[in-house]
Amino acid sequence: MSQKKVRVRFAPSPTGGLHLGGVRTVLFNYLFARHHGGEFVLRIEDTDQTRFVEGAEEYILECLRWCGLEADEGPHKGGPYAPYRQSERKALYRQYGEQLVNAGFAYYAFDTPEELEAMREVEKARGNHSPQYNHAVRKIMRNSLTLEAAEVKTLLDKGTPHVIRIKMPENEEVSFTDMIRGEVSFQTNTVDDKVLLKADGMPTYHLAVVVDDYLMKITHAFRGEEWLPSAPVHILLWKYLGWETDMPQWAHLPLILKPDGNGKLSKRDGDRLGFPVYAMNWLDPKTNELTKGFRENGFLPEAFVNMLAMLGWNPGSEQEIFSIEELVQAFSIERVHKGGAKFDYDKAKWFNHQYIVKKDDATLAKLFQPVLTEKGLAPEETYVAKVTGLVKERCHFINEIWDHGFFFFVRPDKYDVDAVKPKWTPEKQAFFESWITVIEALPDFTFVSLEESFKQLATEKGIKPGELQLPFRIMLCGGKFGPPVFVIAETLGKEETIERIKLALAIFA
Ligand code: GLU
């Protein structure tokens with residue numbers, strides 16, 4: 001590794017919600033930066049004005065905040081290489097485009113949209129189904145390679161709309177060492193003459209990403225595998241701009257695949273299979289379409305982050321549960337796999353469950369509070385914490401505390417009478433009536449004393465305690481579920497327990 005201070009970047013385009021693959025890219029950048037005592041930069045790549053979506057940048061920042069993966073520099077807090085929004089750096093890029101033209105590595109292209117369309121039609125008619133502006137085509141188009149220098153000058157002076165395109169070399173091999181994939185090489189003939197600077201003066205992603213990685217002194221560029229086909233263009237630009245020795249080390253992260261391993265996991269798969277794919281809920285301002293997020297689905301950020309770390313990376317041991325500090329310690333980019341990582345929602349839930357169980361009851365109770373508030377309930381915090389502690393082992397999500405423990409907050413509105421009635425007898429009725437008197441007089445109302453007195457009275461009355469416990473449970477919860485029944489009674493307290501026995505007796509009689 002170079003001696004330079006490690007600087008990495010996450011460079012999203014603000015075009016919509018953040019896919020979990022994007023958050024994983026953030027995470028790997030973050031872990032790498034922290035592991036090496038380096039810096040993590042957030043750069044907003046908003047040069048494609050047609051794809052810009054209102055609110056997307058704020059959403060990305062909020063995601064990073066929620067995950068605890070905030071960048072050290074970025075549009076939210078500035079930094080030594082500001083501005084961090086490419087649209088605000090617009091004036092900067094043209095000089096590099098011109099430098100490339102002057103050095104013969106790029107050229108001005110004046111083709112109008114109609115001319116480009118006509119070229120495509122001709123190519124298609126000749127059997128070329130995906131026509132590109134490439135080394136063959138550029139020789140017959142209107143650009144500074146085919147036009148006389150004087151004419152080019154006149155066109156430029158007149159302000160004729162034009163773009164700058166890279167002049168991809170013919171029959172060359174471009175190769176580089178990817179930190180995950182090893183040696184990767186491309187044939188330049190397969191790559192078209194990408195636009196570097198658009199007619200509106202904005203750079204395209206290709207030019208801007210190279211210029212900014214250079215100016216922002218980025219040492220390692222980690223991004224999704226979908227950017228691999230663009231790598232040769234970027235490598236050549238680094239070289240053509242004379243910055244080759246400063247080029248970052250690359251790593252292209254594996255895709256996150258559908259659960260069946262068949263292709264990239266998309267937001268539509270989430271809708272189809274019923275799980276979130278975005279980090280947080282995303283409401284598309286154009287279509288009003290809501291895409292569900294992990295946050296709103298009840299994931300704890302620590303669990304979400306831990307789960308993401310294991311998608312495509314492994315620590316080389318059996319350990320699966322990692323705090324962020326442990327991840328920082330253990331992370332190495334070389335241990336990221338080449339192959340895609342299948343997304344497994346059950347595993348994601350398992351991670352969340354592990355974190356819920358580990359979390360202290362008071363914190364969980366706070367997280368659960370909104371569910372109670374929404375239901376118009378305001379029990380004491382210590383009571384909520386106690387209940388949380390009793391049911392968390394059964395929960396994969398915070399809101400499941402309600403599903404597994406609602407009866408601690410409200411009386412049952414229905415009883416599983418079918419489970420009681422067929423075996424209900426006047427003796428059992430009498431048992432509970434007497435037991436009420438016994439527990440009213442109990443000096444302490446603990447599950448131990450409750451159980452003891454319950455068993456003692458049952459023995460006295462010649463009924464098996466086991467036959468009374470299920471009815472008792474149904475009296476308190478309404479059904480055959482919940483933690484140990486005497487613990488439920490202790491938690492509900494004397495008055496409420498007695499009240500529930502009475503209410504149920506009236507129904508069972
Ligand atoms: N702007 C690109 C994106 O939206 C960044 C790719 C890169 O990291 O080079 O993902």
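Counting convention: from 1, in listed order, for ligands and their atoms alike.
- If you check the side chains of T154 and D157, you find no donor sitting under 3.5 Å from an acceptor.
- S317 meets the side chain to side chain contact (heavy atoms under 4.5 Å, CB included) test with P315, Q319; sequence neighbours excluded.
- When the shell of 6.0 Å around CD of E381 is examined, it contains 12 or fewer heavy atoms from other residues, nucleotides or ligands.
- A 6.0 Å sphere centred on NZ of K90 holds more than 12 heavy atoms belonging to other residues, nucleotides or ligands.
- Defined by atom type and a distance below 3.5 Å, a donor-acceptor pair is missing between the side-chain atoms of N281 and R295.
- Defined by atom type and a distance below 3.5 Å, a donor-acceptor pair is missing between the side-chain atoms of Y84 and D212.
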Close N/O pairs between ligand 1 and protein, under 3.5 Å:
residue: ligand 1; atom: 1 (N); partner: A11; partner atom: O; Å: 2.8
residue: ligand 1; atom: 1 (N); partner: S13; partner atom: OG; Å: 3.2
residue: ligand 1; atom: 1 (N); partner: E45; partner atom: OE1; Å: 2.6
residue: ligand 1; atom: 4 (O); partner: S13; partner atom: N; Å: 3.3
residue: ligand 1; atom: 4 (O); partner: S13; partner atom: OG; Å: 3.1
residue: ligand 1; atom: 8 (O); partner: R9; partner atom: NH1; Å: 2.8
residue: ligand 1; atom: 8 (O); partner: R9; partner atom: NH2; Å: 3.4
residue: ligand 1; atom: 9 (O); partner: R9; partner atom: NH2; Å: 3.0
residue: ligand 1; atom: 9 (O); partner: Y205; partner atom: OH; Å: 2.6
residue: ligand 1; atom: 9 (O); partner: R223; partner atom: NH1; Å: 3.1
residue: ligand 1; atom: 10 (O); partner: W227; partner atom: NE1; Å: 3.4

